Asks: 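Before I ask anything, let me first share the structure, which is written out below as structure tokens.
Every chain is numbered from 1, with letters handed out A, B, ... down the list of sequences. Side chains included, hydrogens not; waters and symmetry mates left out as well; all remaining heavy atoms used. Just so it is clear, the model here is predicted, and its values are computed rather than measured.
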Amino acid sequence: MSQLKNRLNRLKKTQASIDNKVISSHLKGGEWGEVGAVTKTNAYGSFVKREIRIPLQEKIGFYPLYQLVGSAQALSHLQSIKSNVLHDKMLFFDTETTGLGIGAGNVPFMLGIGYYTDDAFIVEQLFIRNPSEELAMLAYINEKFQHFTHLVSYNGKTFDLPLLKNRFIIHRLTYEGEHLEHIDLLYPARSLWRNSLTTCKLSHVERKRLGIHRVDDVPGSMAPTLYFKYLIEKDPNIVADVFRHNKVDIVTLAILSIYFVSLFEKRDVYSNLELDELYRLCVWFNNMELTDLFQYVYELLTTRVIEEDPNYFIPLAMIFKKKKDVETSVSLWKKFIELQGHQRIINTEPYIELAKYYEHRKKDFKQAIYYTKEAELRVYNRISLSKRNQKYTEILQEIQKRKNRLEKKIKSRVNEVDQNSVVELRQVEMNV
DNA sequence: GGAATGGATGAGAATGGCGG
DNA sequence: CCGCCATTCTCATCCATTCC
């Protein structure tokens, strides 16, 4: 055990020295050992491989790596994943390429993969020193695919994987990863943070939500330039930063997975969320049909919405309307009006929705016309406040149309009642 | 510069109530 | 039964975003 610990510590040290850029310039370029990499050879040729072991208890940002152990299954809700998700059957995946297109001119010069073993998280980085090494690298990763069931990436569905498949075709290799289900974390990230983060780029997400702060990171957009420079000068130190960048990307994929999983099982994390995140989470659980989680988050959300921003009652009401639970929608619209009705500028949607509800479902035209008139009043306020009122005059016309219709309906109902009472009277007379 | 994705927006069909 | 109108449901289409 202590032997293992020693070994881990030793590995940790070498890795730290690489990360701290102790790759010093007095060791003249050319030696791959300097970046902690070795030459790997297989039946198709050679390429360079760097392997890093990270102990599972290591904390990356806010979360330790071991948190995914035994709890990866929840990730299946993020995309329509059918098979069981096990942490040690997931292959985290990110490439560095010579450009952004997925056409033939774009070459992946580095493939970064990450996976869990019993005692560590392993990052393997495959790098080609020239185009002729690509085939050997592809063959290597092809064999790796066999040991996993799920691929995890960030925008990999549109970028990394199509590109990689193209390379297989160009090299006349059969892609052996068709069995892999693909979890692309970009989409859940966007649906959760589209409003609360200015951008959902991986580097921004990890800094703002995972507590991971990169130091001296080279942006991905620098990768092509650095690689071309390497091709000319053949000094591994030139691409040392690309290795480091790619490694963080891979590790971030694991930590982001942990974060998502925690949303499904650690209900105490909800109190740290921004209001909009909590709302988006509510939408998640509703769409995923996880009723318990939905109910829990919904209740938490409503108490916060009252204090922080009653406007959220409106989309929430629409969720229940879609679920055909209109009574709940009605209570939310009314709650909104109760809290916001006094404001000069206010969304009229709840008034209109309530008017529809009373006209069409309850046939209570008086209530319907009451809410219509309330809406009309608010729009008047708007128009008097703004010069550019084209939009609001249209809304106003719509409202007045509704009002006129309701007035007619009320009138005709009064007539109906009169006629009915006349009929009743006649019947009484006949009976007499 | 290519493409999967989800959200927003819109068009068209289906529904349903109402009056003639 | 038919025409009219408002609403709702279902697709279709568009648009921005993200990867290096």
Asks: Under a cut-off of 3.5 Å for both distances of each Watson-Crick or G-U pair, what dot-bracket string does DNA chain B give, using [ ] for crossing pairs and | for inter-strand pairs?
Replies: .|||||||||||||||||||
Asks: Assess the pair F168(A) and Y175(A): is the distance between their ring centroids shorter than 6.0 Å?
Replies: yes
Asks: Under 4.0 Å, heavy atoms only, any strand: does T97(A) hit a base, just the sugar-phosphate, or nothing?
Replies: sugar-phosphate
Asks: Can you confirm whether or not the ring centre of Y371(A) sits under 6.0 Å from the ring centre of W333(A)?
Replies: no
Asks: Measure the distance from CE on M110(A) to P on dC20(C) and round it to the nearest whole Å.
Replies: 12 Å
Asks: Nearest-Å distance, NZ (K401(A)) to C1' (dC4(C))?
Replies: 11 Å
Asks: Could you state the NZ-C1' distance from K322(A) to dT10(C), rounded to the nearest angstrom?
Replies: 12 Å
Asks: Salt-bridged, E181(A) to K89(A), with N to O below 4.0 Å?
Replies: no
Asks: Out of dT18(C), dG7(B), dC20(C), which has the shortest distance to the side chain of S191(A)?
Replies: dG7(B)
Asks: Are E374(A) and R378(A) ion-paired here, with the side-chain N under 4.0 Å from a carboxylate O?
Replies: yes
Asks: If you check the A223(A) side chain, which of dT7(C), dC20(C), dC9(C) turns out closest?
Replies: dC20(C)
Asks: Name the nucleic acid region contacted by T98(A), choosing base, sugar-phosphate or nothing; use a 4.0 angstrom heavy-atom cut-off, strictly under.
Replies: nothing
Asks: Can you find a side chain N or O atom of R280(A) that sits less than 4.0 Å from OP1 or OP2 on dG7(B)?
Replies: yes
Asks: Between dA6(C), dC19(C), dT5(B), which nucleotide has the shortest distance from any of its atoms to the side chain of R405(A)?
Replies: dA6(C)
Asks: Would you classify L163(A) as touching base, sugar-phosphate or nothing, given that sugar-phosphate means primed atoms plus P, OP1 and OP2, and contacts are heavy atoms under 4.0 Å?
Replies: nothing
Asks: OP1 or OP2 of dT8(C) sitting under 4.0 Å from any side-chain N/O of K321(A)?
Replies: yes
Asks: In this structure, how many angstroms lie between the C1' atom of dT17(C) and the CG atom of L185(A), rounded?
Replies: 16 Å
Asks: Would you say a side-chain N or O of K324(A) is under 4.0 Å from OP1 or OP2 of dC9(C)?
Replies: yes
Asks: Can we say E353(A) and K356(A) salt-bridge, meaning some charged N sits less than 4.0 Å from an Asp/Glu carboxylate O?
Replies: yes
Asks: Across the strands shown, which category fits T95(A) at heavy-atom distances under 4.0 angstrom: base, sugar-phosphate, nothing?
Replies: sugar-phosphate
Asks: Just compare dC20(C), dA4(B), dT18(C) and give me whichever is closest to any side-chain atom of E96(A).
Replies: dC20(C)
Asks: When you measure from the side chain of K363(A), which nucleotide among dC18(B), dC20(C), dA6(C) comes out closest?
Replies: dC18(B)
Asks: With heavy atoms under 4.0 Å as the rule, sort D94(A) into base, sugar-phosphate or nothing.
Replies: sugar-phosphate
Asks: Specify the separation, in whole Å, of atom CG of D184(A) and atom C1' of dA3(B).
Replies: 12 Å
Asks: Given F285(A), which of Y298(A), Y279(A), F264(A) fulfils the ring pair (Phe, Tyr, Trp, His ring centres under 6.0 Å) condition?
Replies: F264(A)
Asks: Report the relative orientation of the aromatic rings in H87(A) and Y116(A); use parallel for angles under 30°, tilted for 30 to 60°, perpendicular for over 60°.
Replies: perpendicular
Asks: Rounded to whole angstroms, how far apart are CZ on R194(A) and C1' on dG7(B)?
Replies: 6 Å
Asks: Roughly, in whole Å, what's the span from CG in L111(A) to P in dC19(C)?
Replies: 18 Å
Asks: If each of Q79(A) and F159(A) is mapped to the nucleotide of DNA chain B with the nearest heavy atom, which maps nearer the 5' terminus, i.e. the 5' end?
Replies: F159(A)
Asks: Over how many whole Å does the gap from H245(A) atom NE2 to dC19(C) atom P extend?
Replies: 9 Å
Asks: State which of dA4(B), dA6(C), dT18(C) makes the closest approach to the side chain of R402(A).
Replies: dA6(C)
Asks: For F93(A), does the six-membered ring have the charged nitrogen or CZ of K144(A) within the cation-pi criterion, i.e. under 6.0 angstrom from the centroid and within 45° of the normal?
Replies: no
Asks: Hey, does the side chain of K157(A) come within less than 4.0 Å of dC19(C)'s phosphate (OP1/OP2), counting only N and O?
Replies: no
Asks: From C-beta outward on H360(A), which listed nucleotide comes closest to its side chain: dT7(C), dA4(B), dG7(B)?
Replies: dT7(C)
Asks: What I want to find out is whether R402(A) reaches E376(A) closely enough, with some N-O distance under 4.0 Å, to be called a salt bridge.
Replies: no
Asks: What nucleic acid atoms does N195(A) come within less than 4.0 Å of, heavy atoms only: base, sugar-phosphate, or nothing?
Replies: nothing
